[in-house]
Amino acid sequence: MCGIIGAVGLNNIQNILLQSLKSMEYRGYDSAGICIQGEQHLHTRKAKGKLINLEHLLEQSPLTGSLGIGHTRWATHGVPEVRNAHPHQTESIAIVHNGIIENHKQLRESLSAAGATFDSDTDSETIPWLWQQEYTKNNNPEIAFHNTLNQLQGAFAIAGIQANEHKLWFARRGSPLLLAKGEAGVFVASDALAVGTVASHVIYLQEGQWGWSDLEHIHIFNEDGSQAAIQWEPMPEMVAATEKGPYAHYMLKEIHEQPRVFLDILNAYAPDKQHIHFPQAAFIENDPLPSRIIMVACGTSYHAALTARYWLERYLKIPVEVDVASEFRYRDPVIGDNTWFITLSQSGETADTLEALRLFKQQTPQNKTLVFCNVASSSMVRESDGVIELYAGPEIGVASTKAYTAQLLALALFSLKLASNANAMPPEETTKHIQYLFDASQGVESLLNNTPIFDKLTPLFSQSHGALFLGRGPCYPLALEGALKLKEISYLHAEGYPAGEMKHGPIALIDENLPVIVLALRQYHLDKVISNLHEVQARGAKVILITDIPEKEYPTNVDTIIHIPEGDFFSAPLLASIPLQYLAYNVARFKGTDVDQPRNLAKSVTVE
Ligand code: AGP
């Protein structure tokens, strides 16, 4: 949700800024821009659309200088046009911003009355004007910047430069921002991926921190203005992980990484195949079971949580509530004591999930919080009592694939662990389930070694007006996820439905042009799902059956069947995810959409 970069370098930093924006294009790609300090003035280039347009512009009219900022945008206020692209600036101050300035209307009015002239429809443009006003009032640049921040309401990560001072300014409140350094200079960025090739050390800024840097000095202040300690950490290795390799798209690469990700997770948490241990969440081991669990997430992560509810409730016999974060945080939730709060997030920065976590902590600080997250340095990880890291590696494709199955697998291990804590599962049964999870890695590998079987699905979508995904039990959230994947990258309308609920309405959609994807697995109410399948068939739908049952055992007369290896109660959804991901990928390719950067979306949704 917008990527920002700032650099103060030894040499010309134009190409570093561009390269960093390229690594963060997944955060937003409707326009981009950079601003570099020249000898006397600030020089800016902006272009609508993808970063390549900015690159072409800079080829024609390059910029030179060693202090600059850059931005890749996902529009919140104002349509994607050059005038709304960042950086925004006055004559002498330029900023890039990720987040939302909630009091921008009031600021705009008072700044306009004082002579500011706005060129864009954005909330962000109020920042340089406010800063300019404060700078004129105060001789002390630190006080001017701090006063500016104190008047902003909402969420922000900001990088800024001035025409007359060789300093890179930065601030973080509610949106992610890190500081990094390397031989080429000092940087601020939304994501470590942006500076992975140029920086060796990093500081993840805390909420409310702000400061400035030049090549010799770095000053970080806390929200109240006090000086903060400067503690550099080594930059994590990530360059190879962010390259596409031989794959046509990041999404395809990430689908194919899943067997490796499964083994990494299993070897981290259950290396002896008998005992499960989460080293960063000691309370799971030490505390008694809670009387209730609440799980909160958005999008694909929410779907993973929904599947886990079936696993947890079956063995723990305690209520497990699952909610989308944007609903949870505004519905005055009743929480109570003795409740564990679990968030799930690939990025760990999704605004609604993060705010739901903060709300929960504020309301019941005595309760424990746990996050399943793929980004170890993220805000959710830092703000939770316990962490189950997903070890999926950077996920660049906007449509989540490997992070989703990593969540499912980590949730399966978590459910097994709690079942064993509750004496609801004997050790030999736990070992058996863990073995099934290890086997799922091979099962997925074998499916991925035979991808032509997925090709026969694509033609069924050439004339379709949508698609319906049906499943029961843990396959119902899988149906939701299959539908989400398809709509995200192929722009086809798709619905996921509990198979048993279909005849209460959606059956009216069915005609000979509607592909209906039925998930029928031995573990989850097979007979009932097959009955639903017959109901769909009887109405002329084009059925795609994804199943782990041989046709001779359960004749269905369906033309298009995808057979997957058989899993157990915990591993079956991992295997069934693969055809759903491949289906979405193939339909998107067939339709010629932008698989990795689908329209209107961004990878990390850091605004509510
Ligand atoms: C997944 O394909 C989506 N792009 C989206 O639904 C995503 O899962 C959601 O925005 C939550 O993101 P998070 O896991 O990073 O919190």
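When a residue number appears, it is its place in the shown sequence, counting from 1. Just follow the structure's listing: the first ligand is 1, and inside any ligand the first atom is 1. Atom set for the values below is all heavy atoms of this structure, side chains included, hydrogens, waters and symmetry mates excluded.
Between Glu207 and Arg172 there is a salt bridge, with a side-chain nitrogen of the basic residue lying less than 4.0 Å from a carboxylate oxygen of the acidic one. With respect to Arg173 and Glu223, a salt bridge is recorded, a charged nitrogen being found less than 4.0 Å from a carboxylate O. A salt bridge between Glu488 and Lys485 is present, with a side-chain N of the basic residue lying under 4.0 Å from a carboxylate O of the acidic one.
For Tyr247, the ring-ring contact (aromatic ring centres under 6.0 Å, His included) criterion is met by His256, not counting sequence neighbours. In terms of the ring-ring contact (aromatic ring centres under 6.0 Å, His included) criterion, Tyr404 has no residue partners (sequence neighbours excluded).
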Give one line per pair: atom of ligand 1, protein atom, distance. Only N/O to N/O under 3.5 Å.
{"from": "ligand 1", "atom 1": "2 (O)", "to": "Thr300", "atom 2": "OG1", "distance (Å)": "3.3"}
{"from": "ligand 1", "atom 1": "2 (O)", "to": "Ser400", "atom 2": "N", "distance (Å)": "2.8"}
{"from": "ligand 1", "atom 1": "2 (O)", "to": "Lys485", "atom 2": "NZ", "distance (Å)": "2.9"}
{"from": "ligand 1", "atom 1": "2 (O)", "to": "Glu488", "atom 2": "OE1", "distance (Å)": "2.7"}
{"from": "ligand 1", "atom 1": "2 (O)", "to": "Glu488", "atom 2": "OE2", "distance (Å)": "3.1"}
{"from": "ligand 1", "atom 1": "4 (N)", "to": "Val398", "atom 2": "O", "distance (Å)": "3.0"}
{"from": "ligand 1", "atom 1": "4 (N)", "to": "Glu488", "atom 2": "OE2", "distance (Å)": "2.6"}
{"from": "ligand 1", "atom 1": "6 (O)", "to": "Thr300", "atom 2": "N", "distance (Å)": "3.3"}
{"from": "ligand 1", "atom 1": "8 (O)", "to": "Thr300", "atom 2": "N", "distance (Å)": "3.1"}
{"from": "ligand 1", "atom 1": "12 (O)", "to": "Thr350", "atom 2": "OG1", "distance (Å)": "3.4"}
{"from": "ligand 1", "atom 1": "14 (O)", "to": "Ser301", "atom 2": "OG", "distance (Å)": "2.6"}
{"from": "ligand 1", "atom 1": "14 (O)", "to": "Gln346", "atom 2": "N", "distance (Å)": "2.7"}
{"from": "ligand 1", "atom 1": "15 (O)", "to": "Ser345", "atom 2": "OG", "distance (Å)": "3.3"}
{"from": "ligand 1", "atom 1": "15 (O)", "to": "Gln346", "atom 2": "N", "distance (Å)": "3.4"}
{"from": "ligand 1", "atom 1": "15 (O)", "to": "Ser347", "atom 2": "N", "distance (Å)": "2.9"}
{"from": "ligand 1", "atom 1": "15 (O)", "to": "Ser347", "atom 2": "OG", "distance (Å)": "2.7"}
{"from": "ligand 1", "atom 1": "15 (O)", "to": "Thr350", "atom 2": "OG1", "distance (Å)": "3.3"}
{"from": "ligand 1", "atom 1": "16 (O)", "to": "Ser345", "atom 2": "OG", "distance (Å)": "2.6"}
{"from": "ligand 1", "atom 1": "16 (O)", "to": "Thr350", "atom 2": "OG1", "distance (Å)": "2.4"}

What pairs of donor and acceptor atoms, side-chain ones from residues 260-268 against any protein atom, are under 3.5 angstrom apart with sequence neighbours left out?
{"from": "Arg260", "atom 1": "NH1", "to": "Asp264", "atom 2": "OD2", "distance (Å)": "2.5"}
{"from": "Asn267", "atom 1": "ND2", "to": "Leu263", "atom 2": "O", "distance (Å)": "3.1"}

